[in-house]
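What follows is a single structure, and I will ask about it in a moment.
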Amino acid sequence: MKTEFSLAQLADPDIKEADKILRACVHCGFCTATCPTYVLLGDELDSPRGRIYLIKEMLEKDKPPTADVVKHIDRCLSCLACMTTCPSGVNYMHLVDQARVRIERDYRRPLTERLLRSVLALVLPRPGLFRISMILAGLARPFAALLPTPSVGASSPGLLRRIKAMLALAPRGLPQPGPAAGTVFAPIGRRRGRVALLQGCAQQVLAPRINQAAINVLTRHGVEVVLVKDEQCCGALTHHMGQDGDALARARANITVWQREADREGLDAILVTTSGCGTVVKDYGYLLREDKTFAEPAKRISALAKDITEYLAGLELAPSTQKGDITVAYHSACSLQHGQKITQLPKELLSKNGFVVKDVPESHLCCGSAGTYNILQPDIASRLRDRKVANIALVKPDMIAAGNIGCMVQIAGGTSVPVVHTIELLDWATGGPRPGLN
């Protein structure tokens, strides 16, 4: 793709990177076949290729984005399926992230939308506030039916529709909090390794059992696990809302405490059980590449970050107690398969540990969760969830496994089949408890 940035514009490292990404695009259109919003809506501007044109024009002209540009960028899930499909290696992730930062900086959204986004950015990264909000949402949930339902095909939801979506996602009850930050879990038997486990934000409120299962598996196999004190949200939620000031501040804070822990007693890895978080932590090196103080530490931390399945693949797990009578539909979270390029490891681990693993048809298409997407774009998200659930039903599973809490909550909202984390099944197979239901 030909670009026309001025020399002055190219002096900006972000514009220089955008220019490199844009020039890699050859307009082939392969991305359109795997883009969920294009598949649903059939609008070229709701495809990666269309959005790339919009972003190019916005950055080249260096003018505030129009409402139409914002609409189409907002509809992007950042599922990154286009990057898996692209034969030219276009780094769409870094391009659309830059566009979101520009929109956040230069576009004034309607008041109600600004307020909603501010609330999400305030509450979601803070487990204490998120727990309170979930309790309140649970109390308000019975009244959700009184809120308006959009007409078929609507894709520009208003505030009440978004509130209805939030209430629908709220659980009927919350589990007890998991272990506190600063806790260290000793290995059983000889110590074979030492890792930090990302505590997460929403996950530690909605499903602390996931990290508990990870702790069980790791300590059972001789790995010491530390929950690092003063760790913050990884920054993914605000990063994907274009609020990079907040996201990068959180990244720096985490790099500081993780590096201190690594220097103090050593870390083989920083393990992540929420793949959406893992994709961003692995990208810290890129995000802070221009920060003289944090560029090198960020690279070090990104190199240490691993999805839980990546680490377990290097361990010799205890013999499985499963007899191969549980059929598991494996949902490959977008952030895992497209963002981190981890596709086979989770399925191989489940198969080796006695589960009958079935691939889901159209597994490359997003379930519609995508961080805050199922709140901000609930109608498109609901259509994607229904499509995903229908495809899952085709394999007639006993359970559904996924590696991301957002996907788990989203899919569970459309099916009665138990949705569990991959690590919960591996914990069960190697001597832990049977996973709970939705």
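Keep in mind that what you see is a predicted model, and the values were worked out from it rather than measured. The figures here come from the full heavy-atom set of this structure, side chains too, leaving out hydrogens, waters and symmetry mates.
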Output field: ring centroids H72/Y53 closer than 6.0 Å: no
Whether N254 side chain and C233 backbone form a donor-acceptor pair below 3.5 Å: yes
Side-chain touch Q410/L384, heavy atoms, less than 4.5 angstrom: no
Main-chain N/O of A247 paired with D244 side-chain donor or acceptor, under 3.5 Å: no
Matching residue for E424 among P433, P435, P418 - test: side chain to side chain contact (heavy atoms under 4.5 Å, CB included): P435
Between N391 and E362, a side-chain donor and acceptor under 3.5 Å: yes
K341 side chain to T84 side chain, donor-acceptor N/O pair below 3.5 angstrom: yes
Intermediate values then yes/no, side-chain contact (heavy atoms from CB on, under 4.5 Å), Y38 and E44: CA-CA 7 Å; Y38 182 76; E44 174 73 14; 4.3 Å; yes
Donor-acceptor pair, side chain of T415 and main chain of I411, under 3.5 angstrom: no
Shortest non-hydrogen contact between N91 and M83, atoms and distance: OD1-CE, 3.7 Å
Side-chain donor or acceptor of T372 paired with backbone N/O of I375 under 3.5 Å: no
Carboxylate-amine/guanidinium contact K282 E310, below 4.0 Å: yes
Heavy-atom side-chain proximity of L376 to E113 below 4.5 angstrom: no
Steps toward side-chain contact (heavy atoms from CB on, under 4.5 Å) verdict (V184, V225): CA-CA 6 Å; V184 177; V225 181; over 6 Å; no
Side-chain heavy atoms of L365 within contact of T34, under 4.5 Å: no
Donor-acceptor pair between Q212 and N216 side chains, under 3.5 angstrom: yes
Residue list, ring pair (Phe, Tyr, Trp, His ring centres under 6.0 Å) with Y286, at least two apart or on another chain: H94
From CA spacing to verdict: side-chain contact (heavy atoms from CB on, under 4.5 Å), V328, K358: CA-CA 6 Å; V328 175; K358 296 289 184 71; over 6 Å; no
Residue pair I21 / Y92, side-chain heavy-atom distance below 4.5 Å: no
Student check: side-chain heavy atoms of R191 and E224 closer than 4.5 Å: yes
From CG (L227) to NZ (K229), nearest 0.5 Å: 13.0 Å
V217 backbone acceptor or donor facing H221 side chain under 3.5 Å: yes
Heavy-atom pair with the smallest gap, counting every atom of Y311 and A269: CD1-CB, 4.1 Å
Nearest non-hydrogen partners of L345 and T309, listed with the distance: CD1-O, 4.2 Å
Minimum-distance pair of heavy atoms, taken over all atoms of S320 and G354: OG-N, 4.0 Å
Pair S335, S275: side-chain N/O donor-acceptor within cut-off below 3.5 Å: yes
Distance-only side-chain donor-acceptor flag, T273 / N211, under 3.5 Å: yes
Carboxylate-amine/guanidinium proximity below 4.0 Å for D246 and R250: yes
E261 side-chain N/O to A196 backbone N/O, donor-acceptor pair under 3.5 Å: no
N/O donor-acceptor pair under 3.5 Å between N353 side chain and L349 backbone: yes
Side-chain (Q204) to main-chain (G200) donor-acceptor, under 3.5 angstrom: yes
Ionic contact status for K306 with D268, cut-off 4.0 Å: no
Backbone of T256 reached by a side-chain donor or acceptor of Q259 within 3.5 Å: no
Short N-O contact, D74 and R51, less than 4.0 angstrom: no
Side-chain heavy atoms of V420 within contact of L425, under 4.5 Å: yes
Student check: side-chain heavy atoms of S302 and V281 closer than 4.5 Å: no
Closest approach of M134 to A170 (non-hydrogen atoms, all atoms of both residues): SD-CA, 4.3 Å
Check: Y330 side chain, T422 main-chain N or O, donor-acceptor pair, under 3.5 Å: no
N-O pairing of E296 and R289 below 4.0 Å: no
From R434, R209, R220, residue fulfilling salt bridge (charged side-chain N to carboxylate O under 4.0 Å, His left out) relative to D427: R220
Shortest non-hydrogen separation from Q377 to P157 and the atoms involved: OE1-CD, 4.0 Å
Distance-only donor-acceptor check, side chains S78 and R100, under 3.5 Å: yes
Side chains of T343 and Q337, donor plus acceptor under 3.5 Å: no
Any L315 side-chain heavy atom under 4.5 Å of V223 side chain: yes
Side chains of T32 and R49, donor plus acceptor under 3.5 Å: no
